[in-house]
Amino acid sequence: MGVAVADGEIRGRGIGRLFKIRLSQSRSLKETILRRDLPQTRELWALRDVDLDVHPGEALGIVGQNGSGKSTLLKLIAGIFAPSLGELEVGGRVGSLIEIGAGFHPDFTGVENVYLNAAIYGLKRRYVDEHLDEIIGFAELEDFADVPVRTYSSGMYMRLGFSVAMHVNPDVLLLDEVLAVGDEAFQQKCFGRIADFKRAGGTIVFVSHDPSAVERVCDRAVLLEHGRVVEEGAAVEVVSAYHRRLVNRATDTAARKDGAGSELLRVHEVRAIAGDGTARDRVTEGEPVTIEVWLYAEEGAEGARVTVGFRDTAGQPLGSQTVEGVRLRPARLELLRLRFPGLPMREGRFFVDVIVNSEDLDAELARDERALELSVFSRDSAGSGPIRLGGSWELP
Amino acid sequence: MAVEAVAPRGTPLLPSFTRLSGYRELLWTLIRREIRVRYKGSALGLVWSLVYPLSMMLVYTLLFSVLWKAARNIPHYPLFVLVGLATWGFFQASVQLGSGSLLANADLIKKVWFPRELIPAASVLAQTTSALVMFAILIPINIAFVPETARTVPLVIPFFAGLLCLALGLAWLLSVANVFYRDVEHLLAVIFLPWFFLTPILYGLDQLPAGSAHPWLIDILRYGNPVTPYVEGIRAVLLQATVPGPGVLLYIFLVGPGLAVLGLSVVQRNEDSLAVEL
Ligand SMILES: Nc1ncnc2c1ncn2[C@@H]1O[C@H](COP(=O)(O)OP(=O)(O)OP(=O)(O)O)[C@@H](O)[C@H]1O
Ligand SMILES: [Mg+2]
């Protein structure tokens with residue numbers, strides 16, 4: 001055992017987790033005795049050499065492809081699995097949320113399940129008595145509190161589970177793909193609650209396939225690949241790295257399949273990064289916005305012209321911005337940023353097109369229309385329409 | 001690289017009881033859930049669980065006492081059978097339901113950590129409700145028919161506690177086995193029928209006509225079957241106003257608790273494999 005960890009601290013050294021997967025399907029005693037063959041097993045390291053340091057009040061994101069070991073890592077932190085190798089210490093109470101609504105009984109009502117769920121998380125009945133209205137209220141399920149949960153939609157299920165879990169007041173909160181089924185409004189509420197939790201000094205480990213959610217919730221992130229940590233750092237960076245790896249893998253296989261040079265240049269991704277550094281599809285009027293354009297040129301390009309244009313929902317162009325002389329290195333994902341101190345739009349939904357032309361405008365190298373959809377929200381109701389007209393009034 | 005060892009935490013041979021502190025509330029909640037699911041939340045459900053042993057008692061009395069006259073040397077045969085059925089019924093239901101309980105709650109075990117032993121324990125403890133009601137009805141009737149039993153009746157509490165330990169131990173062991181081999185539950189259902197007939201519920205081991213000719217066979221039946229000493233002990237203090245001999249007493253207080261300790265440590269030691277296999 002190493003040095004004791006503080007509440008809310010997670011420290012792991014050289015964590016490995018081995019699974020022995022039984023290949024023969026036999027899980028019956030009868031067959032095992034009758035056939036008398038030793039079960040064939042395959043070994044699989046779901047995690048390998050993972051070092052982990054999360055401090056109280058910090059939020060760590062874990063990203064990676066399916067099967068990369070994210071859930072396994074959360075289960076190790078929750079104490080559901082034990083590490084096969086290495087040391088892992090977790091301080092304080094862990095509010096495991098490996099999956100939402102664990103232990104709900106379908107025939108029980110919402111309220112009964114709150115009590116059941118709370119007991120599983122180790123809450124006292126008295127505490128639940130006092131907070132019941134709050135828990136049901138947060139989930140906005142007042143009208144369904146006395147209905148069996150088997151009649152709930154998956155989103156309602158998730159609301160109730162999240163609401164209970166947030167009332168456990170754990171030192172460490174583990175979130176695995178939990179916000180995926182909630183609607184927009186409830187997600188916003190959850191993010192608010194998560195932020196409060198963090199501010200109060202709680203530790204979060206967050207697993208999600210939604211990059212903007214990871215960037216929004218987490219300060220730091222790690223990228224897992226086949227159970228190993230391959231990137232570690234600021235959440236935005238790690239998410240970008242994850243994307244880069246995905247593309248490189250995809251283009252690797254594509255190139256092998258079609259032969260090189262079939263597609264010379266393409267727009268891989270377009271994102272809007274808001275003032276707070278998160279990727280978003282909604283911003284407020286006047287907020288600083290950076291449009292990120294990820295380009296991939298198989299053989300590279302010299303002096304390309306890259307245009308970013310905005311249109312309204314009717315397809316009417318509103319304006320565009322072009323940059324010349326862009327150099328793209330071959331077979332690399334390159335990032336271009338177009339910064340706006342504040343978009344000139346007031347309110348509405350807008351589409352972003354990205355067009356790449358050759359230096360002499362002879363050839364269009366790539367075109368990605370509606371690469372991004374961006375909503376702008378106004379701060380006030382003094383104006384109307386898509387642009388901020390501005391101007392100042394002089395009254396009689 | 002360090003040595004590769006798949007060793008779950010805390011693997012002492014003896015189970016840990018300290019880790020259970022703070023989970024009393026959860027145990028209660030799980031028991032309540034079990035009762036609610038089993039009796040569908042109605043008092044009628046509980047009554048229903050009493051109807052079965054009562055009707056079986058009537059059938060057995062009609063067959064063995066009235067028609068066949070095989071039980072003629074057993075006094076108060078209906079009560080004799082009923083005490084046996086109540087005891088056996090509790091044992092069978094709790095072991096049967098307990099052994100399937102971990103698998104039935106796979107969802108919970110894979111997602112949240114809490115002491116896993118609570119699940120089979122709740123399953124077994126929930127079964128005590130109908131047994132307690134049954135005994136509460138039986139005891140005054142027995143005292144009415146055999147007044148001397150008033151003296152020995154209090155002993156039913158430690159004896160039943162011993163049986164409870166036996167059921168807990170078996171439920172813990174079998175529930176873990178059932179996760180690795182999914183047919184354990186079904187095999188058990190098959191085993192329970194012959195087991196029932198080998199346990200002196202409908203007859204007494206001492207009243208068997210050919211018993212004195214094969215004393216060793218009677219000993220095997222008595223001590224080879226862990227339930228028998230409990231059935232005989234409970235029946236002795238509840239109906240016959242006698243206290244069993246030291247052999248049976250020792251058995252009652254050693255085997256049940258011993259098996260419970262073993263079962264508990266098996267659940268705790270397999271905690272990691274349970275989450276992996278489920
Ligand atoms: N109980 C188990 N028994 C055997 N192998 C397992 C078990 N749980 C996970 N694994 C293996 O461990 C690896 C990592 O699984 P894990 O669930 O951690 O992936 P993940 O990153 O959460 O994936 P996803 O994005 O799909 O949720 C997988 O190859 C999986 O097959
Ligand atoms: Mg997962």
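Note on naming: letters A, B, ... go to the chains in the order of the sequence lines (proteins, then strands), and numbering restarts at 1 for each one. Only heavy atoms go into these numbers, but all of them, side chains included; no hydrogens, no water, no symmetry mates.
Within the 4.5 Å cutoff, side-chain heavy atoms of Leu102(B) are placed close to those of Ile109(B).
Only the side chain of Arg32(B) comes within contact range of chain A, with heavy atoms under 4.5 Å apart. Interface remark: Val184(B) contributes side-chain atoms only to the contact with chain A (heavy atom separation under 4.5 Å). Proximity to chain B is limited to the backbone of Tyr115(A), based on heavy atoms less than 4.5 angstrom apart.
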Exercise for review: I would like to know whether Asp176(A) and Lys111(B) meet salt bridge (charged side-chain N to carboxylate O under 4.0 Å, His left out); could you show each step before the answer?
Suggested key: CA-CA 10 Å; Asp176(A) 192 350; Lys111(B) 290 168 191 168; over 6 Å; no

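Phe162(A) and Phe138(A) have parallel rings, their planes meeting at less than 30° on a 0 to 90° scale where 60° marks the start of perpendicular. Trp195(B) and Phe192(B) have parallel rings, their planes meeting at less than 30° on a 0 to 90° scale where 60° marks the start of perpendicular.
For the set Leu27(B), Leu26(B), Thr29(B), the count of heavy-atom pairs under 4.5 angstrom toward chain A peaks at Leu26(B). When His186(B), Arg33(B), Arg24(B) are compared by the number of non-hydrogen pairs under 4.5 Å with chain A, Arg33(B) comes out ahead.
No cation-pi contact links Arg159(A) to Tyr157(A), judged by a cut-off of 6.0 Å to the six-membered ring centre and 45° from its axis.
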